[in-house]
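Only a predicted model underlies this, so the values are computations on that prediction, with no experimental measurement involved. Throughout, residue positions are numbered sequentially from 1 according to the sequence presented.
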Amino acid sequence: MSRQPYDSSRRCLSVAPMMDWTDRHCRVFHRLLAPHARLYTEMVHAQAVIHGDRDRLLGFDPVEHPVALQLGGSDPAHLAEATRIGADWGYDEVNLNVGCPSDRVQAGRFGACLMKEPALVAEAVAAMIGAAPSQVPVTVKCRLGVDEMEDYAVFRAFVDAVAAAGCTHFVVHARKAWLQGLSPKENREIPPLRYDWVYRLKRERGDLRIEINGGLATVEQVQAVMPEVDGVMIGRAAYHEPYRLHLMDRALFEPGLPPRTRADLLEAMRPYVEGCLSRGIALKHQSRHWLGLFHGQPGGRIFRQVLSEGAPRAGADWSLVERALEATRSG
């Protein structure tokens with residue numbers, strides 16, 4: 001599949017970048033579940049893109065389009081070079097992470113701590129835009145603020161500073177982050193959600209594309225927020241219970257079409273899986289992303305158990321998947 005034009009329509013469904021989870025095998029699975037969604041890589045530091053193993057870090061299957069590369073970093077020159085490389089590799093978007101609150105990220109002066117440095121973020125974004133072809137937008141994923149930042153005006157000023165540098169698309173995790181005292185997991189759960197700040201930003205800056213992230217786990221929740229913003233980004237709900245992602249995609253883009261069954265979706269992965277196996281890629285690297293597909297369904301626990309125990313064994317192939325699926329048929 002060739003690169004698709006950037007979708008500038010109002011309605012947008014995205015799957016959040018998640019470290020150690022949204023690798024290329026996960027993204028192929030998510031593309032099957034959600035044909036209309038925008039997929040994101042795990043966050044990759046700009047220096048790693050410049051100096052690291054690019055095939056391992058940047059490689060992706062053509063079926064993933066449209067797919068975005070998420071970068072971490074704070075050095076404008078490094079981010080610009082990594083953006084150029086990502087565009088050359090065929091990514092449809094380059095996204096700057098200004099939202100991750102982990103200690104490791106903070107130690108490198110990137111992620112959520114950059115919310116305190118809007119001028120630096122603006123400089124980095126301007127450099128990235130200058131390095132990207134016109135058809136590859138540079139976007140920003142951010143929080144509402146960090147630590148004691150509890151002022152909508154401060155959040156709006158951050159967005160305005162970065163928008164003035166040329167960024168027109170913001171993905172906003174509708175919580176602030178505490179840089180000390182909370183783990184990344186706690187930072188996804190404890191700071192209160194403030195959807196109203198994101199809605200207000202969209203009302204006041206109608207020229208910007210504003211996508212909302214945080215706490216959205218059901219079709220009903222997604223449909224409830226969609227009229228207020230340009231799109232939604234789904235995180236761990238899409239990973240732990242991936243069938244929800246399929247239901248969201250259907251409800252938003254093809255509401256007249258009944259959802260495919262879980263078994264049908266997984267069976268459609270067979271050509272990709274067997275292609276990977278033929279290249280020496282073990283089944284465990286792919287099947288770990290499917291474990292929640294039958295969550296809450298008859299046979300779902302056995303399905304997970306069969307894959308979890310069998311996929312790491314030498315020689316595991318598609319027949320193991322068939323055995324796992326059989327458990328769901330027998331209940």
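Side chain of Arg262 to backbone of Leu293: a donor-acceptor contact under 3.5 angstrom is found. With Arg301 contributing its side chain and Gln297 its backbone, the two residues share no donor-acceptor pair below 3.5 Å. A side-chain donor-acceptor contact under 3.5 Å links Arg279 to the backbone of Gly275.
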Checklist line | salt bridge (charged side-chain N to carboxylate O under 4.0 Å, His left out) assessment of Arg84 paired with Asp88 | finding: CA-CA 6 Å; Arg84 183 193 63 76; Asp88 287 346; 2.8 Å; yes
Notebook entry, point to check: Checking side-chain contact (heavy atoms from CB on, under 4.5 Å) for the pair Leu13/Leu245: CA distance, chi angles, key distance, verdict?
Noted result: CA-CA 9 Å; Leu13 173 67; Leu245 179 62; 4.2 Å; yes
Next item on the list: May I have the step-by-step check of side-chain contact (heavy atoms from CB on, under 4.5 Å) for Met149 and Phe155, ending in yes or no?
Entry: CA-CA 8 Å; Met149 295 169 65; Phe155 165 62; over 6 Å; no
Note to self: Run His169 and Val171 through side-chain contact (heavy atoms from CB on, under 4.5 Å) and show every step you take.
What the structure shows: CA-CA 7 Å; His169 186 159; Val171 182; 4.1 Å; yes
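Taking the six-membered ring wherever Trp is involved, the centroid distance between the rings of Trp290 and His25 does not fall below 6.0 Å.
Using a 4.0 Å cut-off between charged side-chain N and carboxylate O, Arg156 and Glu204 make a salt bridge. Using a cutoff of 4.0 Å between basic side-chain nitrogens and carboxylate oxygens, Asp23 and Arg27 are not scored as salt-bridged. With respect to the salt-bridge test (charged N to carboxylate O, under 4.0 angstrom), the residues Lys176 and Asp151 do not qualify. Salt bridge present: Glu241 and Arg244 bring a charged side-chain N and a carboxylate O closer than 4.0 Å. With respect to Asp207 and Arg205, a salt bridge is recorded, a charged nitrogen being found less than 4.0 Å from a carboxylate O. At a threshold of 4.0 Å, the pair Arg323-Glu326 does not count as salt-bridged, since none of the basic side-chain nitrogens sits closer than that to a carboxylate oxygen. Under the 4.0 Å criterion applied to side-chain N and carboxylate O atoms, Asp61 and Arg24 are not assigned as salt-bridge partners.
Under the rule for a side chain to side chain donor-acceptor pair (under 3.5 Å), the partners of Lys116 that lie at least two apart in sequence or sit in another chain are Asp147. The side chain to side chain contact (heavy atoms under 4.5 Å, CB included) test applied to Ala77 returns Asp75, not counting sequence neighbours. Listed by chain and residue number, Cys12, Arg38, Tyr40, Glu211, Met233 satisfy the side chain to side chain contact (heavy atoms under 4.5 Å, CB included) test with Ser14 (two or more places apart in sequence, or in another chain).
A heavy-atom distance below 4.5 Å is not found between the side chains of Arg31 and His65. Contact check for Val162 versus Phe158: side-chain heavy atoms found under the 4.5 Å cut-off. Residues Asn95 and Leu69 fail the side-chain proximity criterion, which asks for heavy atoms closer than 4.5 Å. Looking at Leu291 and Ser308, their side chains come closer than 4.5 Å, going by heavy atoms from C-beta outward. Contact of the Trp89 side chain with the Val49 side chain is not registered, since no non-hydrogen atoms from C-beta on lie closer than 4.5 Å. The side-chain heavy atoms of Val159 and Phe170, taken from C-beta on, include a pair separated by under 4.5 Å. You'll find the side chain of Val222 stays beyond 4.5 Å of the side chain of Thr218, heavy atoms only. For the pair Trp21 and Arg236, the minimum side-chain heavy-atom distance is below 4.5 Å.
Of all heavy-atom pairs spanning Leu57 and Ala48, the tightest one is CD1-O, 3.4 Å. Of all the heavy atoms in Ala122 and Ala161, the pair that sits closest is CB-O, 3.6 Å. Across all their heavy atoms, Leu71 and Ala82 have their closest contact at CD1-CB, 3.8 Å. Across every non-hydrogen atom of Arg250 and Pro258, the tightest pair is NE-O, 3.1 Å. The shortest heavy-atom contact between Leu277 and Asp317 is CD1-CA, 3.9 Å. The nearest pair of heavy atoms linking Ala268 to Arg260 is CB-NH2, 3.7 Å.
Between Tyr91 and Phe60, the angle of the ring planes lies from 30° to 60°, which puts this pair in the tilted group. His30 and Tyr239 have perpendicular rings, their planes meeting at more than 60° on a 0 to 90° scale where under 30° would count as parallel.
Separation of atoms OG (Ser287) and CG (Leu320) is listed at 7.0 Å; rounding is to 0.5 Å. For the atom pair CG of Leu283 and CG of Leu307, the computed distance is 7.0 Å after rounding to the nearest 0.5 Å.
Using modelled atom types, one finds a donor on one side chain and an acceptor on the other under 3.5 Å when comparing Thr139 with Glu93.
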